[in-house]
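A quick note: this is a predicted structure, and the numbers were derived from the prediction, not measured. Residues: numbered from 1 along the sequence shown.
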Amino acid sequence: MKLRIMPIFITVIVSATVLFGGWFTYRQLTLYSPLTKIVQNYPGVNASHISINPKEVMLKLDLAPSADLGGLVQTLNKQGTDIWGTRTLKLEVTDHSNTELDKVWENAMFSVSQAMATQKYTEIPETVESIMQQNKNIQVKAEMDERNVYVSLSNGKGSKFLILPRNSQVTGGSA
């Protein structure tokens, strides 16, 4: 029995194309497209990049100063959990901070860190209120869910978004 190389080669190429093309199309239609729609339709999102692996969904965001980071995370958790299943959501927000916002955050970081370390989360809005009283041109917003505290600072020229894990000892790193 003589094997013909060309028909075998063509069959392997066609089979691989159908298998991997189907797998790629499935991932695109069931994971990437729905998540992209959720993120891009949310107000204040300038750009996003999604990468998905078997254990996590990594979302890199470029947000406008007026964006509501806590609301976006809430929307993602509500609408996206069915899409990504058991994977964990990790966020990385592009920093558009300036020296004024960095200085304000440095002054507030101790109070926020202390409130988080002692699990007195109700002190965080008080700290946010005092920041806005001392700096009239800076808008500050703090929100919380079961995993993180989200702090947003904006002065019109720049913005600083922080995601502070509630269960971590380390606070103060920007997202």
Side-chain angles (χ1 to χ4, degrees), residues 31-32 34-135 138-155 158-175:
L31 293 173
Y32 288 98
L35 283 176
T36 300
K37 283 181 187 175
I38 292 169
V39 173
Q40 291 299 325
N41 289 334
Y42 197 84
V45 176
N46 293 332
S48 65
H49 174 73
I50 300 170
S51 62
I52 301 173
N53 66 41
K55 293 186 180 186
E56 71 181 18
V57 174
M58 180 65 178
L59 187 57
K60 295 181 182 180
L61 299 168
D62 183 7
L63 301 176
S66 62
D68 178 13
L69 180 60
L72 174 60
V73 172
Q74 200 172 48
T75 300
L76 283 168
N77 285 330
K78 189 185 290 182
Q79 297 176 9
T81 306
D82 292 339
I83 297 168
W84 67 70
T86 59
R87 295 174 179 97
T88 57
L89 176 65
K90 299 226 179 186
L91 297 173
E92 183 180 307
V93 182
T94 303
D95 190 23
H96 294 289
S97 186
N98 53 37
T99 55
E100 181 183 20
L101 293 175
D102 289 339
K103 184 177 177 187
V104 167
W105 175 244
E106 284 176 22
N107 292 333
M109 188 172 26
F110 179 77
S111 299
V112 172
S113 296
Q114 183 178 9
M116 291 183 67
T118 59
Q119 296 184 350
K120 295 181 180 177
Y121 300 108
T122 56
E123 293 177 6
I124 294 173
E126 294 170 9
T127 302
V128 166
E129 187 63 35
S130 71
I131 291 171
M132 290 186 358
Q133 298 263 332
Q134 295 170 4
N135 304 283
I138 295 181
Q139 295 80 38
V140 184
K141 186 175 183 182
E143 295 176 278
M144 182 173 75
D145 64 16
E146 60 277 350
R147 286 182 263 159
N148 299 310
V149 174
Y150 306 96
V151 179
S152 306
L153 294 97
S154 173
N155 64 356
S159 59
K160 187 173 194 70
F161 295 96
L162 299 122
I163 301 171
L164 309 170
R166 286 179 56 182
N167 61 355
S168 176
Q169 297 286 334
V170 179
T171 60
S174 66

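Two residues are said to be in side-chain contact when any heavy atoms from C-beta on lie closer than 4.5 Å; F161 and L61 fail this criterion. You'll find the side chain of L35 reaches within 4.5 Å of the side chain of W84, heavy atoms only. Residues I124 and M144 are not in side-chain contact: their nearest non-hydrogen atoms beyond the backbone lie 4.5 Å or more apart. With contacts defined as side-chain heavy-atom distances shorter than 4.5 Å, the pair N148/L91 does not qualify. Taking the side chain as every heavy atom from C-beta outward, Q114 and T127 never approach each other to under 4.5 Å. The closest side-chain heavy-atom distance from L59 to L76 is below 4.5 Å. In this structure the side chain of K60 never reaches within 4.5 angstrom of the side chain of T94, judged on heavy atoms. A heavy-atom distance below 4.5 Å is not found between the side chains of V104 and N155.
For Y121, the OH atom counts as densely surrounded, since its 6.0 Å shell holds more than 12 non-hydrogen atoms of other residues, nucleotides or ligands.
Residue E100 holds its CD atom at 9.0 Å from NZ of K103, rounded to the nearest 0.5 Å. Taken from CE in M109 to CE in M116, the straight-line distance is 12.5 Å, to the nearest 0.5 Å. Distance OG/S159 to CG/D95: 7.5 Å, rounded to 0.5 Å. How far OG of S152 is from CD1 of I138: 13.0 Å, rounded to the nearest 0.5 Å. In this structure, I131 CD1 and S111 OG are separated by 8.0 Å, a value rounded to the nearest 0.5 Å. The distance from the CD1 atom of I52 to the OH atom of Y32 is 4.5 Å, given to the nearest 0.5 Å.
Residues P65 and S154 approach most closely at CB-OG, 3.3 Å, considering heavy atoms. Heavy atoms only, all atoms of each residue included: N46 and L63 are closest at ND2-C, 3.6 Å. In terms of heavy-atom proximity, I163 sits nearest to P165 at O-CD, 3.6 Å. Nearest heavy atoms, L153 versus W105: CD1-CE3, 4.3 Å. The heavy-atom pair separating E143 from G71 by the smallest distance is OE1-N, 3.7 Å. Closest heavy-atom contact between I38 and Q79: CG1-OE1, 3.5 Å.
Between D62 and H96, the side chains place a donor N or O and an acceptor N or O closer than 3.5 Å (distance only, hydrogens not considered). In summary, the side chains of D68 and Y150 do not present any donor paired with an acceptor at a separation below 3.5 Å, with no hydrogens or angles considered.
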- Worked verdict on R166 versus V149 for side-chain contact (heavy atoms from CB on, under 4.5 Å): CA-CA 7 Å; R166 286 179 56 182; V149 174; 3.9 Å; yes
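Remark: the backbone N or O of M58 is not paired with any side-chain donor or acceptor of R87 at under 3.5 angstrom.
Across L164, V128, L162, a single residue satisfies side-chain contact (heavy atoms from CB on, under 4.5 Å) together with V112, and that is L164.
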